[in-house]
Amino acid sequence: MKLKTLKKDEQNVETQEEDVDVKKLLKIKGKKKKRIYGKRINSKTEKGRYIKSKLPKDSYGDIAIDATLRAAALSSNGKIRVKGGDLRHKIRKHGARASIVMVVDISGSMFSDRKANRLKGILNSVIDDANRHQDRISVVGFKGEEAEIIIPTTRRATSFREQVDNIRVGGTTPLAAGMKRGLEILKKEKLRAEFVPLLIILSDGMPNVGLEEGPMKDAILIAEKIKEKEIHTVVINFERSVRYGHEVNMELALASGGRYYDLEELKNPGGVIARILDYEREKI
């Protein structure tokens, strides 16, 4: 089943913002981390504010003309001649942004118009919010026996709305596979040392397909690896589920050192996601 597009009158209801206190939705606070988001960090590209210059590691790069000419002047007698040893490169800084990976349950447990559209509302809300804050985002869906990349890592996720509309739900629930794929993406992002990794898990907490040891044990093992890599993790329960599902999601949050939000009582969980993300940005 595809995620259907809501009718106009349904959209009006769904876009109404819930008047709730985000802090009351937070059930597990997780481990406190050093805040990096928004702070000035070295840019790996030619974007950002030019702060100072440095000696280059190679001949390619963002040349600092002013510093290069100063160095050339110091080593010249009269007419300035720029030599290879005079070259200087720019050091740029910009405010740290997040690289968000959403790991989303698109298995058979989402097989109803109500559940699918709540999921779609959350996805579109996160995409819009990431676009406003210039964060990077990717979306990983899991169903059957594996995980698939629905939206590759990008800062222009709004151009991928068709992929969200074309999500098909159905099949078993390989939660560990989805978490593993999300971890792989964020490990690479963390190596860039330019974005703050943020993992968001949307699931009903009912895994039934594992990788090696079993559905639940594998998910916990991946959660522990996420904690080792110090990746800020947010587990969100957005749908009413049996008690076992709540317990699984809370265990994942605890094992990953992450945070757990329970949105099951909200008519429109997508309406508070932007505020949850703003609150989480204060913690990363």
Side-chain angles (χ1 to χ4, degrees), residues 31-102 126-140 149-163 180-200 225-233 274 277-278 280-284:
K31 182 181 177 182
K32 188 174 182 180
K33 299 177 178 66
K34 181 181 178 181
R35 188 166 187 264
I36 302 173
Y37 189 90
K39 293 188 176 181
R40 309 299 290 180
I41 59 171
N42 288 344
S43 175
K44 304 295 182 181
T45 66
E46 295 185 8
K47 294 182 179 180
R49 185 179 178 184
Y50 172 30
I51 302 297
K52 57 183 179 179
S53 63
K54 64 178 180 179
L55 289 169
K57 293 181 179 179
D58 50 53
S59 58
Y60 301 98
D62 191 6
I63 296 176
I65 296 176
D66 57 339
T68 297
L69 290 176
R70 283 196 298 270
L74 290 172
S75 62
S76 300
N77 292 318
K79 189 176 182 179
I80 296 177
R81 295 180 180 276
V82 177
K83 301 181 287 296
D86 300 323
L87 283 177
R88 300 292 185 271
H89 283 177
K90 292 179 179 179
I91 294 177
R92 295 179 182 269
K93 287 183 179 288
H94 64 77
R97 292 290 177 260
S99 183
I100 303 169
V101 173
M102 292 191 68
V126 173
I127 287 171
D128 289 339
D129 187 77
N131 186 59
R132 283 195 301 272
H133 288 84
Q134 298 183 317
D135 293 329
R136 287 162 66 87
I137 185 172
S138 58
V139 177
V140 174
I149 295 179
I150 298 170
I151 298 178
T153 305
T154 179
R155 296 181 85 164
R156 298 177 177 84
T158 51
S159 61
F160 288 85
R161 290 197 187 280
E162 187 176 348
Q163 278 83 337
K180 182 180 180 183
R181 180 64 68 90
L183 173 59
E184 289 169 352
I185 294 171
L186 288 178
K187 281 165 64 176
K188 292 178 181 178
E189 289 291 279
K190 195 167 185 180
L191 288 175
R192 294 165 62 94
E194 198 170 2
F195 297 92
V196 186
L198 171 57
L199 180 64
I200 300 176
K225 291 180 180 179
I226 291 169
K227 184 177 182 179
E228 289 174 9
K229 294 297 180 180
E230 296 185 327
I231 292 173
H232 189 81
T233 303
L277 288 175
D278 282 343
E280 289 303 313
R281 288 186 181 95
E282 296 174 4
K283 310 298 177 183
I284 61 175

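Numbers here are sequence positions counted from 1. Hydrogens, waters and symmetry mates play no part in the numbers below; they use all other heavy atoms, side chains included.
Of all heavy-atom pairs spanning Val101 and Gly182, the tightest one is CG1-CA, 3.8 Å. In this structure, Pro56 and Leu87 approach most closely via the heavy-atom pair CD-O, 3.1 Å. Between Gly85 and Arg88 the shortest heavy-atom distance is O-NH1, 3.1 Å. The two atoms that bring Phe160 and Thr154 nearest to each other are CE1-CG2, 4.0 Å, heavy atoms only. Taking both residues in full, the closest heavy atoms of Tyr50 and Ala67 are given as OH-CB, 4.3 Å, listed atom of the first, atom of the second, then distance. Pro152 and Ser138 make their closest contact through C-CB, 3.8 Å (heavy atoms, listed as atom of the first residue, atom of the second, distance).
The number of heavy-atom neighbours closer than 6.0 Å to NZ of Lys83, taken from other residues, nucleotides and ligands shown, is above 12. Applying the 6.0 Å contact sphere to CD of Glu230 captures no more than 12 heavy atoms from other residues, nucleotides or ligands. When the shell of 6.0 Å around CZ of Arg81 is examined, it contains 12 or fewer heavy atoms from other residues, nucleotides or ligands. For Ile80, the CD1 atom counts as densely surrounded, since its 6.0 Å shell holds more than 12 non-hydrogen atoms of other residues, nucleotides or ligands.
A donor-acceptor pair is defined here as one N or O able to donate and one able to accept, closer than 3.5 Å; such a pair exists between the side chain of Arg97 and the backbone of His133. Side chain of Lys190 to backbone of Lys229: a donor-acceptor contact under 3.5 angstrom is found.
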* To do: Step by step, work out the side chain to side chain contact (heavy atoms under 4.5 Å, CB included) result for Ile65 and Leu69.
  => CA-CA 6 Å; Ile65 296 176; Leu69 290 176; 3.9 Å; yes
* To do: Apply side chain to side chain contact (heavy atoms under 4.5 Å, CB included) to the pair His89 and Lys57, showing each step before the final yes or no.
  => CA-CA 9 Å; His89 283 177; Lys57 293 181 179 179; over 6 Å; no
* Intermediate values then yes/no, side chain to side chain contact (heavy atoms under 4.5 Å, CB included), Ile284 and Ile36 -> CA-CA 6 Å; Ile284 61 175; Ile36 302 173; over 6 Å; no
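Between the CD1 atom of Ile185 and the CD1 atom of Ile149 there is a distance of 4.5 Å, given to the nearest 0.5 Å. For the atom pair CG of Leu198 and CG of Leu186, the computed distance is 8.0 Å after rounding to the nearest 0.5 Å. In this structure, Thr158 OG1 and Ile127 CD1 are separated by 8.0 Å, a value rounded to the nearest 0.5 Å. In this structure, OG1 on Thr233 lies 4.5 Å from CG on Leu199, to the nearest 0.5 angstrom. Here the NZ atom belonging to Lys187 is positioned 7.5 Å from the NZ atom belonging to Lys225, to the nearest 0.5 angstrom. For the atom pair Ile151 CD1 and Arg161 CZ, the distance stands at 9.0 Å (nearest 0.5 Å).
For the side-chain hydrogen bond (donor to acceptor under 3.5 Å, both in side chains) criterion with His232, the lone passing option out of Glu280, Arg281, Lys283 is Glu280. The only option from Val126, Asp129, Ile200 that meets the side-chain contact (heavy atoms from CB on, under 4.5 Å) definition with Ile137 turns out to be Val126.
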